[in-house]
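Take a look at the structure set out below.
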Number of protein chains: 2
Amino acid sequence: MSKQSSLPWITPAGRETPARERLSVDAIVDAAYVVLNREGHEKLSMRAVAAELGVAVSSLYTHVANKDELIRQIWLRSFLASEVPEPTSDPEEWARRLRTWMHSIRDTLREHRDLARVSAGQHPFIPEALPQLERIIAFFRSVGLPEPIIAAAGDHMSTFIEGYVSEEQVWEERMRRLTPTERENVAESVAHYFGDLDPDDYPNLTDIGPTLMVHAEKDERFDRGIEILIRGFMSYL
Amino acid sequence: MSKQSSLPWITPAGRETPARERLSVDAIVDAAYVVLNREGHEKLSMRAVAAELGVAVSSLYTHVANKDELIRQIWLRSFLASEVPEPTSDPEEWARRLRTWMHSIRDTLREHRDLARVSAGQHPFIPEALPQLERIIAFFRSVGLPEPIIAAAGDHMSTFIEGYVSEEQVWEERMRRLTPTERENVAESVAHYFGDLDPDDYPNLTDIGPTLMVHAEKDERFDRGIEILIRGFMSYL
DNA sequence: TCGGTGGTAGAACGGTGTTCGTAGACATCC
DNA sequence: GGATGTCTACGAACACCGTTCTACCACCGA
């Protein structure tokens, strides 16, 4: 870099690096993602992000109004990254594309620890998100869904996926705190938990209680969940 | 109270009230509800709850392990308060009861500011919640839903309602921050926001964008949302 | 009447988001 | 080339937060 007038192999006293590598919103969001992945959403603080960048906390506020806006930026990046499927008027093909789209959203939320919890409650009405929103509406419209349903469909989809992944990660967090031997016996202790109930008091729970909690075949549950939604959507065609 | 051995009309020096009104989990949860309603979830702190009770912060910790447990207690009270409908095998009647149940859950969440946000992500598997859970399963079973669907149905229902009410209240919060004149023009500015878009770039958004955002007829949106869900459920009968 | 017990309280610790004034690097103009 | 002004990183500080520790003190049973 030619920022310094002194010769490059002579560093000015008291200054290790040329420094003043300019910050940017992008760099800040990058760092926030790193912190989020490594430490989880509870540890995602302005100080942690600043430390990740090797920068003072107060410097962040030149580029980002506050923590809420930083979180909105994090959400925005993942929202824009999602590949909205191409429109189609064939219901079967439409449902197939919707399914794989929902899977891909779930997967990106899964990849980044706690991104789901951070994303929940964000609205896609800010200007930067409009092109993506346009594509989403185009897709929902293409199969011939009535307009009032389209508005509900998008919300429904995102709240379901975010809620699902959040819950999944809460569960994983809880598992992470267990000892290895405890972890192995989870299925067993779940069975006991419901098995010990008095069948007279809890006829239904003793019956199907365990299936409520078994998160082993997680993907099955997700698939069943989105199938309920898709059937609901398709009933309006 | 007969806690003092001294005569009741003689108060010991330096002590205005008999004091030492014993704390309890119930009293703490009461106070937490008051704070939540009055100040919102961001202001719900251990210190605020303690102040509401006129008590030291540290005193709370003899009755409640930490803030997470306090929140779980708050959620538990609202969970137990919900009146689960009676089972029925008539699909039409079943759907009707499910609808009114979901309405009532939404209403209690609405009543207490930010209760929805606080409730999200709680699991009904703690022992105190089991009787209620038993009733819920009994209801879902009664119409003949397949077992794998039942597990998904409960989750689906609660994440939808919680997500819906949270979003609604975020919107209201935003409105609360506006000046009265701004508030009057919200519908207008929404129309402008989407109307100013180039129809060539955003054919779908200019068409139905406004219907996405109009929260005036909120209840309609909620009803459409739960109808999608119920149709999805019923498709498995 | 005397201990022991258990709930209360105050102070403190380490963390948080945010604000403010300062100081320095850069680009621009004279 | 030198002065000017703008932009931005920075350190310190403020007002909070959840939680812990220790001392105190009212009550209970002996």
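Keep in mind it's a predicted model, so treat the numbers as computed, not measured. In what follows, chains are A, B, ... by sequence order, proteins preceding strands, each numbered from 1.
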Residue [X], side-chain heavy atoms: nucleotide from [options] that is nearest:
X: B:R47; options: C:dG17, D:dA9, D:dC17; answer: D:dC17
X: B:A56; options: D:dT20, C:dA9, C:dT18; answer: C:dA9
X: B:L23; options: D:dT8, C:dG17, C:dT8; answer: C:dT8
X: B:T62; options: C:dT8, C:dT18, D:dT8; answer: C:dT8

Atom [atom1] of [X] to atom [atom2] of [N]: distance rounded to whole Å?
X: B:K43; N: D:dA15; atom1: NZ; atom2: P; result: 15 Å
X: A:L60; N: C:dC20; atom1: CG; atom2: P; result: 17 Å
X: B:H63; N: C:dG6; atom1: NE2; atom2: P; result: 13 Å
X: B:N66; N: D:dC17; atom1: CG; atom2: P; result: 17 Å
X: B:H41; N: D:dC17; atom1: NE2; atom2: P; result: 14 Å
X: B:M46; N: C:dA12; atom1: CE; atom2: P; result: 21 Å
X: B:Y61; N: D:dT20; atom1: OH; atom2: P; result: 7 Å
X: B:L44; N: D:dC17; atom1: CG; atom2: P; result: 10 Å

Q | Phosphate OP1/OP2 of C:dT8: any B:S58 side-chain N/O under 4.0 Å | A |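 Answer no for this pair, as no side-chain N or O of B:S58 is under 4.0 Å from OP1 or OP2.
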
Q | Side chain B:S59 and base C:dG7 donor-acceptor under 3.5 Å | A |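 Under the 3.5 Å cut-off, the side chain and the base do not form any donor-acceptor pair.
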
Q) On the ring face of A:F222, is A:R106 found with NZ or CZ under 6.0 Å from the centre and within 45° of the axis? A)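 Yes, A:R106 sits over the ring of A:F222.
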
Q) For A:R224 and B:D155, what are the C-alpha separation, side-chain angles and deciding distance, and is it a salt bridge (charged side-chain N to carboxylate O under 4.0 Å, His left out)? A) CA-CA 12 Å; A:R224 274 197 291 271; B:D155 286 358; over 6 Å; no

(Q) To check you understand the geometry: which heavy-atom pair defines the closest contact between B:L197 and B:T206, and what is its length? (A)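 Between these two residues, the closest heavy atoms are O-CG2, 3.7 Å.
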
(Q) Salt bridge check, A:E52 against A:R38: does any charged N sit closer than 4.0 Å to a carboxylate O? (A)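 Here A:R38 pairs with A:E52 in a salt bridge, since their nearest N and O are under 4.0 Å apart.
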
Q: Output yes when A:R110 and A:E168 qualify as a salt bridge under the 4.0 Å nitrogen-oxygen rule, no when they do not.
A: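 Answer for the salt bridge query: yes.
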
